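Here the structure comes first, spelled out in structure tokens, and everything after it is commentary.
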Amino acid sequence: MKGKRTTRQRLQVLEAVRARNDHPTADQIYLDARRADGKISRGTVYRNLAELAAQGEITHARIPGADRYDLRQDQHYHLYCTRCGQVVDAPIAYRPEDDAAVEQATGFQITRHRLVFEGLCPACAAANHHKPAPREELSDHTNHEGGITHAPEQVCRHPDGEEPSRSL
Ligand SMILES: [Zn+2]
Ligand SMILES: [Zn+2]
């Protein structure tokens with residue numbers, strides 16, 4: 001009964017996607033689906049995700065870091081927080097006229113365009129504001145030419161970095 005099993009697994013994967021609205025990665029879907037069915041394999045989940053996306057049941061969003069899946073079926077843009085990695089839908093409409101304009105200008109047959117706005121989400125922006133970024137400019141005092149035979153032991157590390165491990 002291969003067909004029945006395939007259909008059931010397809011539905012399990014689809015339900016796992018529809019159960020969340022945070023643009024999960026394929027791996028998150030796999031973990032959710034496995035909670036419902038301990039025997040479902042990662043390969044099965046990934047294959048079903050790809051097929052569901054190809055059929056337009058779900059949307060496949062290319063986001064830096066990992067591809068995400070989306071229960072929305074319409075074309076839309078995304079916001080991506082480069083600090084915490086969250087993905088949310090952008091509140092502006094898809095612009096089909098851009099597809100038409102590019103098609104006309106290039107001769108490419110455009111099927112769609114993808115747009116990801118990158119930056120900091122409000123929570124990360126607030127955290128960033130309260131705590132100045134721990135990025136220190138490396139000042140140019142490493143260039144002591146001449147004379148010095150024994151440079152003092154220098155440990156380069158960020159102020160919030162790990163303690164350097166000493167082997168001696
Ligand atoms: Zn964030
Ligand atoms: Zn989305």
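Excluded from the calculations below are hydrogen atoms, water molecules and symmetry mates; all remaining heavy atoms, backbone and side chain alike, are included. Worth saying up front: this structure is predicted, and the values here are computed from it rather than measured.
- Using a 4.5 Å heavy-atom cutoff, the side chains of D99 and T111 are not in contact.
- Nearest heavy-atom pair across V45 and A26 is CG1-O, 4.3 Å.
- Of the charged side-chain nitrogens involved, none lies within less than 4.0 Å of a carboxylate oxygen, so that D22 and R68 do not count as a salt-bridged pair.
- Not a single donor-acceptor pair under 3.5 Å links the side chain of E15 to the backbone N or O of Q12.
- Side-chain contact between Y46 and N48 is absent, with no heavy-atom pair separated by less than 4.5 Å.
- The shortest side-chain heavy-atom distance between V88 and F117 does not fall under the 4.5 Å cut-off.
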Side-chain polar contacts of residues 29-36 - donor-acceptor pairs under 3.5 angstrom, sequence neighbours left out - could you list them?
from: Y30; atom 1: OH; to: R34; atom 2: NH1; distance (Å): 3.4
from: D32; atom 1: OD1; to: R35; atom 2: NH1; distance (Å): 3.2
from: D32; atom 1: OD2; to: R20; atom 2: NH1; distance (Å): 2.9

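- The distance from atom CG of D98 to atom CD1 of I110, rounded to the nearest 0.5 Å, is 10.5 Å.
- Checked against side chain to side chain donor-acceptor pair (under 3.5 Å), Y77 has the following partners two or more places apart in sequence or in another chain: H113.
- Residues A125 and L120 share a closest heavy-atom pair of N-CB, 3.9 Å.
- Here the closest non-hydrogen pair linking V17 and L71 is O-CD2, 3.9 Å.
- In this structure, NE2 on H78 lies 13.0 Å from CD on E118, to the nearest 0.5 angstrom.
- Under a 3.5 Å cut-off, the side chain of T106 and the backbone N or O of V102 do form a donor-acceptor pair.
- Side-chain atoms of Q75 do not come within 3.5 Å of backbone N or O of Y94 as any donor-acceptor pair.
- Put simply, the side chain of D27 reaches to within 4.5 Å of the side chain of R42, judged on heavy atoms.
- Under the 4.5 Å side-chain heavy-atom criterion for grouping Ile, Leu, Val, Met, Phe, Trp and Tyr, Y69 is not connected to I63 through any hydrophobic cluster.
- Judged by distance alone, with hydrogens and angles left aside, the side-chain atoms of H23 form a donor-acceptor pair with the main-chain N or O of V87 at under 3.5 Å.
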Pairs under 3.5 angstrom only: tabulate donor-acceptor contacts from the side chains of residues 51-61 to other protein residues two or more places apart or in another chain.
from: E51; atom 1: OE1; to: R10; atom 2: NH2; distance (Å): 2.3
from: T59; atom 1: OG1; to: R72; atom 2: O; distance (Å): 2.3
from: H60; atom 1: NE2; to: D67; atom 2: OD2; distance (Å): 3.0

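- The number of heavy-atom neighbours closer than 6.0 Å to CD of Q109, taken from other residues, nucleotides and ligands shown, is 12 or below.
- In plain terms, the two heavy atoms of A90 and L79 that are nearest each other are CA-CD1, 4.1 Å.
- No more than 12 heavy-atom neighbours from other residues, nucleotides or ligands sit within 6.0 angstrom of CG on N21.
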